[in-house]
Colleague: 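I have a structure I would like to understand better, so I am pasting it below and will then ask my questions one at a time.
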There are 2 protein chains.
Amino acid sequence: MTTRRRRDKAATRAALLDAARLRFSRQGFDGVGVREIAADAGVDAALVFRYFGSKRELYAQAMRPEVPDVPHGGPDRPAGEIAADLLREVVLADRGPAGEHPLVAMLRSSGRADVREQLRVRICDEHLAGFAERLPGDDAALRAEMLGALLLGLGVMRSVVGSPALTGAGPARIEELFSAMAAPLTRDQ
Amino acid sequence: MTTRRRRDKAATRAALLDAARLRFSRQGFDGVGVREIAADAGVDAALVFRYFGSKRELYAQAMRPEVPDVPHGGPDRPAGEIAADLLREVVLADRGPAGEHPLVAMLRSSGRADVREQLRVRICDEHLAGFAERLPGDDAALRAEMLGALLLGLGVMRSVVGSPALTGAGPARIEELFSAMAAPLTRDQ
DNA sequence: GTCTATAGCTAGATAGAC
DNA sequence: GTCTATCTAGCTATAGAC
């Protein structure tokens, strides 16, 4: 009863961001109110506006990864290995209570133009650009985006659609099939 | 000035359904109000509740396809051809003003449990089940769902993310790469 | 640093006039 | 068959007390 834990700006901010990430991921931008998020964080809704200015800005900060998502390793790393890394990160990784990669969750809010823009930048420019550089041939960008489509689709099928076989299958078998599908993309065309 | 076109229950219902399909697809369930939809249809918002009872029911009816989506052809049709048909239907087809397949659009409303359920039924049971029957091997369902993931991902990348290479590429090249990726799924494992 | 109170607006839904 | 008017409840956001 001595340490009140309130009156701590950093902790409150962090609690709001955590609660926002979870709620926004599950229900989409329009599906949640700031009151709900603040209640989850154990504080008042007015603090959302004090710390973030608007619900929109809270969304932006909550869904932005604090650390660059996945490094691609050295310049001579095989494309197939990078693809397998992306699979583990986007699809197979245990995501805690949210249960899905932020990029998959953001699809729920893709009615908003700014969210679509964020999706494009993060998927194409951050995740796939480095991958495309390692691909031979002249339509490397297209093949990189087709790999991105497979990754995104797998994430959606598992955590949004809840498709039974893909949800129940072991990671090893999924990795095996994924590698076979990705192989035609990494060869020179 | 004689045919007033109003006072026509069927036409009003249809106009509401069309407007709803477009708005819900673009903005998601929570991103639109019934007033907007009614205004698009040129009628009053009260008619939404008269004809459909609730916004939720309007969504359900607007996004439900009136005709079964895609037949798979005879029982001896090769799996590869069916896959190519699905690609054309889900990804490459011109969708008019909506611009994307309803199943892709429904991802924007997947914060709602009933929408997720609809997605699972239509993707897994209606689209993929018939495809899985034609695949050899014992994890046919898993491989069918991985094909579904690729299709859904391609639809998302093109019409939600707006990835540049996939959006600009010609259908022929996309079909070619898609077939190569799908091939490992249709062979016996 | 946090909360109460509330402004200002828009939402879904209903009743009843025409 | 359609619209006007309205109810109730929710929303984001702000002002100011503590």
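We use all heavy atoms of the structure for the numbers below, so side chains are in, but hydrogens, waters and symmetry mates are not. Order of the sequence lines fixes the chain letters, A, B, ..., with proteins taken first and strands second; residue numbering starts at 1 for each chain.
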Colleague: Quick one: B:Ile37 CD1 to C:dA13 P, roughly how many Å, whole number?
Modeller: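 The answer, rounded to whole Å, is 11 Å.
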Colleague: Are B:Thr12 and D:dG1 close enough that a side-chain N or O sits under 4.0 Å from OP1 or OP2?
Modeller: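 No, no such contact exists.
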Colleague: Rounded to whole angstroms, how far apart are CZ on B:Arg35 and P on D:dC11?
Modeller: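 It is 17 Å, rounded to the nearest whole Å.
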Colleague: The side chain of B:Lys55 lies closest to which of these nucleotides: D:dT4, C:dG12, D:dG1?
Modeller: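 Minimum distance to the B:Lys55 side chain belongs to C:dG12.
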Colleague: Measure the acute angle between the ring planes of B:Phe24 and B:Phe29, then classify it against the limits of 30° and 60° as parallel, tilted or perpendicular.
Modeller: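 Parallel: the ring planes of B:Phe24 and B:Phe29 meet at under 30°.
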Colleague: Is A:Val43 close to A:Val48 at the side-chain level, that is, under 4.5 Å between some pair of heavy atoms?
Modeller: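 No, every pair of side-chain atoms sits at 4.5 Å or beyond.
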Colleague: Identify which nucleotide among D:dT4, D:dT12, C:dG12 has an atom closest to any side-chain atom of A:Phe49, counting heavy atoms from C-beta outward.
Modeller: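 Side chain of A:Phe49 sits closest to D:dT12.
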Colleague: Among C:dT2, C:dT14, D:dC3, find the nucleotide with the atom closest to the side chain of B:Leu47.
Modeller: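 Looking only at heavy atoms from C-beta outward on B:Leu47, the closest nucleotide is D:dC3.
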Colleague: What nucleotide, of D:dT2, D:dA13, C:dT2, holds the atom closest to the side chain of B:Arg50?
Modeller: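 Shortest atom-to-atom distance from the side chain points to D:dT2.
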Colleague: Check the distance between C:dG12's P and B:Tyr59's OH and give it to me in whole angstrom.
Modeller: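 Rounded to whole Å, this separation is 14 Å.
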Colleague: Do A:Ile174 and B:Ile123 sit in the same hydrophobic cluster, where Ile, Leu, Val, Met, Phe, Trp and Tyr count as joined when their side-chain heavy atoms come under 4.5 Å apart?
Modeller: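 Yes, because A:Ile174 and B:Ile123 connect within a single hydrophobic cluster, where side-chain heavy atoms sit under 4.5 Å apart.
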Colleague: Taking C-beta and beyond as the side chain, do B:Asp114 and B:Arg56 meet within less than 4.5 Å on heavy atoms?
Modeller: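 Result yes, sub-4.5 Å side-chain heavy-atom pair found.
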Colleague: Can you find a heavy atom in the side chain of B:Val156 that is under 4.5 Å from one in the side chain of B:Leu107?
Modeller: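 A side-chain contact exists here, since the closest heavy-atom pair is under 4.5 Å.
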Colleague: Write down the distance between CG (B:Asp44) and C1' (C:dA17), rounded to a whole number of angstrom.
Modeller: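 About 13 Å, once rounded to whole Å.
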Colleague: Could you check whether any side-chain heavy atom of B:Leu128 comes within less than 4.5 Å of a side-chain heavy atom of A:Met157, counting everything from C-beta outward?
Modeller: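 In contact.
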Colleague: Take the protein atom CZ of B:Arg13 and the nucleotide atom C1' of D:dT2, then report the distance between them rounded to whole Å.
Modeller: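 Value for this atom pair: 16 Å.
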Colleague: Passes salt bridge (charged side-chain N to carboxylate O under 4.0 Å, His left out), B:Glu100 versus B:Arg158? Steps please.
Modeller: CA-CA 9 Å; B:Glu100 58 199 359; B:Arg158 272 171 73 101; over 6 Å; no
Colleague: Once you apply a heavy-atom cut-off of 4.0 Å, does B:Phe52 come out as touching a base, just sugar-phosphate, or nothing?
Modeller: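 Since no nucleic acid heavy atom lies under 4.0 Å of B:Phe52, the category is nothing.
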Colleague: Do any of residues 23-34 of chain A sit with a heavy atom less than 4.0 Å from DNA chain D, and if so which?
Modeller: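 Within residues 23-34 of chain A, the residues near DNA chain D are A:Val32, A:Gly33, A:Val34.
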Colleague: Whole-Å distance between D:dC3 P and B:Tyr51 OH?
Modeller: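 Spelled out: OH on B:Tyr51 to P on D:dC3 is 9 Å.
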Colleague: Report the distance from atom CG of A:Leu16 to atom C1' of C:dG1, rounded to the nearest whole Å.
Modeller: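 In whole Å, C:dG1 C1' lies 12 Å from A:Leu16 CG.
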Colleague: In terms of side-chain heavy atoms of B:Ala46, which of C:dA13, D:dT4, C:dT4 is nearest?
Modeller: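 From the listed options, D:dT4 comes nearest.
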